[in-house]
Structure formats: structure tokens, C-alpha cells
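Everything below concerns the one structure shown next.
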Amino acid sequence: MKLTIDQLTGKSRTHLVPLPCPHSSNHFLQPQAVKAFQGLQQSAVQNGFNLQPASSFRDFGRQQLIWNGKFNGERKVHDDQGHAIDFSLLDDWQKAQAILRWSAMPGASRHHWGTEIDFFDPDLLPVNQPLQLEPWEYQQGGYFFELSQFLQEKLPHFDFGLPFMQPEQYQEVGREPWHISYLPLAAVAQQQFTPEILLAGWEKEDIAGKFVLINKINEIFDRFLR
């Protein structure tokens, strides 16, 4: 399915249908991805897990709020050890690179495509413990470790993959063990998504650091949007 500029950049959800979830009515994916994820959920149930989406489709406006808030110092930007970065010491390009380690630019998130899911198991989350979506929750000793191990084995059977768990030498974005991608559709969207598409989606939009982002757009695609 060929996506439009608005669909690729999170400005339209006409390519999406609801993803049923007991905790929220705000989850959407492409129909084929919904069917595949429901099959994965059934497999998880059979193995004692309650696999649920924490995040699925995210629109341009939401990504814009996240990006602008971080760039303007209103939201925390952390290093690989979880420590807050002092943005007062950085120029605009340094700020952008620090954010891109963990957050996509508006219009450039894979979550716009309706192929991506951040997963968790609400039954494994300790009482009064909010979900963090941080690596330690999914690693040895974390409460989602067994679920994560199970999914690493099962994901290929349902055509899902872990796009942000590639060896670190191949990409500069942080590792996200909670982020799964429905590969048959994501590969098509990724092939269609280009700097020109993104720049078209940015017209008349307020994006913090826009000048430097435009000047560095090809480098950003090469380093952060593989």
C-alpha cells in the first residue's frame, strides 16, 4: 500500500483502524498489522502473558509537542545513563543530536505509519508503579524480562521485528526493547519515506531547531533514520 505524504508524516490516520485494547480506545494500526498483533497476543496468552500496547499510532502534533518541548528545555533529555543533559551548554545541532538519540523529529517517527507498537504486560507491572519504557524494565531482573525473551522467539512467526535492537555500531538511536514493528508494511513505508517527503510535511509547521534540521537533513536520515 502506497502511503500519502500526510499518512507517512502522521498528519492523517485514514490508513488505520482501531486496535482493541482494554485500557484505551486510542490505539490505531493498519488493518494487516492489527490482525498480526492479535495473533501475537493470542500466542502470548497461551504462554501466560497479557501482551498489550502502551503506544501505537502517534500523530504529527503529538511528536511535535515532544520534540519542541525537549528542544526548548521544557522536557528532560537524558544521556545513555539516564542523566539529564544541560542544554545551556549546547548549540542547536548538538541539541538535535542529543534528542535524536531517543526521540524522532515531528513527521519522522515510525509510529506515524501504523506499523509500530510499544508493548508491555499490565499484569506484570508492580502495583502503583508507572510504566517507564526504559531498557531496565525489559532486561534481566526487570519485570518484563520473561515477556521480552518470549517475544524475541515469537515475533518472526508473526512478521514482527525489533527495529531499535540492532547492534549499536549500525545505528545511533538508543536501544528500545519495547518497540516492535510489523515488518511487511513498515518496510514499504520506510522505502517511501524520504527527506523530500519530510520537508513537505514541515511546510508552515513550527518545529524547534527547524533551520539546522533542514541544513542537516541528509545526515540525519543517514545516521538516525535507517
Side-chain angles (χ1 to χ4, degrees), residues 1-63 66 104 106-125 131 133 137-138 143-166 171 173 175-194 197-198 201 225-226:
M1 173 183 175
K2 184 175 177 60
L3 300 181
T4 67
I5 290 176
D6 284 350
Q7 290 170 339
L8 285 167
T9 57
K11 292 186 172 184
S12 170
R13 62 176 68 187
T14 55
H15 55 313
L16 309 178
V17 297
L19 170 63
C21 175
H23 306 283
S24 172
S25 60
N26 293 319
H27 290 290
F28 297 86
L29 294 172
Q30 292 192 46
Q32 189 177 337
V34 168
K35 183 177 180 180
F37 185 67
Q38 288 176 327
L40 185 61
Q41 283 182 308
Q42 292 172 7
S43 179
V45 167
Q46 294 168 3
N47 286 270
F49 298 108
N50 179 18
L51 177 65
Q52 296 296 333
S55 178
S56 52
F57 170 74
R58 188 182 307 141
D59 68 17
F60 183 96
R62 175 61 180 161
Q63 199 67 31
I66 294 170
S109 173
R110 293 175 67 104
H111 281 283
H112 297 331
W113 303 341
T115 59
E116 314 298 300
I117 301 165
D118 295 338
F119 72 84
F120 80 122
D121 183 337
D123 296 344
L124 297 177
L125 195 65
L131 180 65
L133 287 182
E137 295 174 294
Y138 297 78
Y143 27 79
F144 301 136
F145 176 70
E146 287 78 12
L147 172 61
S148 186
Q149 293 292 105
F150 164 75
L151 287 178
Q152 286 183 38
E153 177 185 344
K154 287 294 182 180
L155 288 176
H157 298 284
F158 295 89
D159 293 324
F160 282 95
L162 292 156
F164 298 119
M165 288 298 287
Q166 301 300 319
Q171 61 183 43
V173 296
R175 291 163 70 82
E176 296 186 357
W178 56 83
H179 183 131
I180 62 174
S181 176
Y182 185 62
L183 298 178
L185 296 180
V188 174
Q190 189 171 33
Q191 188 174 33
Q192 295 176 31
F193 188 61
T194 63
I197 291 286
L198 182 58
L225 296 178
R226 296 185 185 184

Does any non-hydrogen side-chain atom of F120 lie less than 4.5 Å from one of Q52?
-> yes
Given side chains that start at C-beta, do those of E137 and L131 come closer than 4.5 Å, heavy atoms only?
-> yes
Kindly compute the distance separating CE (M165) from CH2 (W178), expressed to the nearest 0.5 Å.
-> 9.0 Å
Is there a donor in the side chain of H112 and an acceptor in the side chain of Q63, or the other way round, less than 3.5 Å apart?
-> no
With the side chain counted from C-beta on, respond yes when L183 and F160 share a heavy-atom pair under 4.5 Å apart, and no when they do not.
-> no
Calculate, to the nearest 0.5 Å, the distance between atoms NE2 and CG belonging to H15 and L3 respectively.
-> 5.5 Å
Nearest non-hydrogen partners of L225 and F193, listed with the distance = CD1-CE2, 4.3 Å
Do you see a donor-acceptor pair shorter than 3.5 Å between the side chains of S181 and R110?
-> yes
Stepwise side-chain contact (heavy atoms from CB on, under 4.5 Å) test for D59 and K11 = CA-CA 6 Å; D59 68 17; K11 292 186 172 184; over 6 Å; no
On a heavy-atom basis, the closest approach of S109 and A104 is CA-CB, 3.6 Å
Looking at CD of Q192 and OG1 of T4, how far apart are the two atoms once the value is rounded to the nearest 0.5 Å?
-> 9.0 Å
Heavy-atom closest pair, residues E153 and H157 | O-CD2, 3.4 Å
Is there a donor in the side chain of Q7 and an acceptor in the side chain of T14, or the other way round, less than 3.5 Å apart?
-> yes
Show which side-chain atoms of residues 32-47 pair as donor or acceptor with protein atoms under 3.5 Å away, not counting sequence neighbours.
| residue | atom | partner | partner atom | Å |
| --- | --- | --- | --- | --- |
| Q32 | NE2 | Y182 | OH | 2.9 |
| Q41 | NE2 | L51 | O | 2.9 |
| N47 | ND2 | S43 | O | 2.8 |

Report the residues that fulfil ring-ring contact (aromatic ring centres under 6.0 Å, His included) with F144, sequence neighbours left out, ordered by chain and then residue number.
-> Y138
Row check, F28 ring normal vs R13 NZ/CZ: under 6.0 Å, within 45° = yes
Note: N50 and D121 closest approach over all heavy atoms is N-OD2, 3.0 Å
Indicate the atoms forming the closest heavy-atom contact of H27 with P53, along with that distance.
-> NE2-O, 3.5 Å
Let me see the working for L29 and T115 under side-chain contact (heavy atoms from CB on, under 4.5 Å), right down to the final yes or no.
-> CA-CA 6 Å; L29 294 172; T115 59; 6.0 Å; no
To the nearest 0.5 Å, tell me how far I117 CD1 sits from F57 CZ.
-> 14.0 Å
Atom CG of L147 and atom CG of L151: how far apart are they, to the nearest 0.5 Å?
-> 4.5 Å
Given the rule in the side-chain contact (heavy atoms from CB on, under 4.5 Å) test, do D118 and H111 qualify, once you have shown the distances and angles that lead to the verdict?
-> CA-CA 9 Å; D118 295 338; H111 281 283; 3.4 Å; yes
Please report the shortest heavy-atom distance between W113 and A186, naming the atom on each side.
-> CZ3-O, 3.7 Å
Minimum side-chain heavy-atom gap H179-F164 below 4.5 Å | yes
Side-chain contact, heavy-atom cut-off 4.5 Å: E116 with P163?
-> yes
Quick one: CZ on F49 to OG on S148, what's the gap to the nearest 0.5 Å?
-> 9.5 Å
